[in-house]
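These notes concern the structure reproduced below.
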Amino acid sequence: MIYGIGTDIAKVSRFERWLTNDALINRFFAEEECFTGAFDRNPSAACQHYAARFAAKEAFSKALGTGFVGLSLKDFWVAKDEAGKPFFAFGEATKNLLKERVGACRVHLSLSHEKEYATAFVVIEKREGEAD
């Protein structure tokens with residue numbers, strides 16, 4: 001059963017100034033989402049990376065129905081599996097919030113980005129009949 005859906009779009013150019021401002025990056029992104037080195041050589045890719053992840057966080061908060069109330073932006077982050085598919089990883093506080101609000105669930109994530117915009121779509125699926 002679908003508990004909630006959320007979508008968001010972010011303008012990639014908004015994140016250009018973030019690349020030189022560690023305080024902004026550290027405020028909104030978990031350590032696991034932060035990259036250095038390769039992105040220094042390709043700022044456009046870095047901006048797309050951060051825009052997509054920011055959109056994902058927004059979309060998740062909408063799907064959960066809380067906005068950012070009760071969520072720490074650094075306690076959930078976008079990771080990738082071995083095939084490159086994005087998924088959310090959750091810290092303890094976010095796991096507890098999901099359990100409290102939804103119960104047993106699965107969170108689906110889709111990201112897309114192009115030169116100017118990044119989008120994210122999130123579905124929270126409540127798993128009926130499973131233990132919390």
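Since we're looking at a predicted model, the values are computed, not measured. When reading the values below, keep in mind they use all heavy atoms of this one structure, side chains included, and skip hydrogens, waters and symmetry mates.
Interatomic distance, D8 CG to L111 CG, rounded to the nearest 0.5 Å: 11.0 Å. If you take SG on C34 and CZ on R53, they are separated by 10.5 Å, rounding to the nearest 0.5 Å. To the nearest 0.5 Å, atoms CD1 (I124) and CE (M1) are separated by 12.0 Å. Distance check: L73 CG to E58 CD gives 8.0 Å after rounding to the nearest 0.5 Å.
In this structure, K126 contributes its side chain and A104 its backbone to no donor-acceptor pair below 3.5 Å. In this structure a side-chain-to-backbone donor-acceptor pair under 3.5 Å is missing from R101 to L97. Looking at K62, its side chain does come within 3.5 Å of a backbone N or O of T7 through a donor-acceptor pair.
Residues E33 and K57 are paired through a salt bridge, judged by an N-O separation under 4.0 Å between the basic side chain and the carboxylate.
Using a 30° and 60° split on the angle between ring planes, F60 and F88 fall in the tilted class, from 30° to 60°.
Contact between W77 and A30 at its shortest, heavy atoms only, is CB-CB, 3.8 Å.
Clustering ILVMFWY residues whenever any of their side-chain heavy atoms sit less than 4.5 angstrom apart, transitively, puts F68 in the very cluster that holds L98.
Side chains of V107 and F90 form a contact here, defined as non-hydrogen atoms less than 4.5 Å apart. With a 4.5 Å cut-off on side-chain heavy atoms, K80 and K85 do not count as touching.
For the side chain to side chain contact (heavy atoms under 4.5 Å, CB included) test, residues two or more places apart in sequence or in another chain that qualify with N21 are A23, L24. By the side chain to side chain contact (heavy atoms under 4.5 Å, CB included) test, A10 pairs with F15, A51, A55, sequence neighbours left out.
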Tell me which donor-acceptor pairs under 3.5 Å the side chains of residues 113-123 have, and how far apart each pair is, sequence neighbours excluded?
{"residue": "H113", "atom": "ND1", "partner": "Q48", "partner atom": "OE1", "Å": "2.9"}

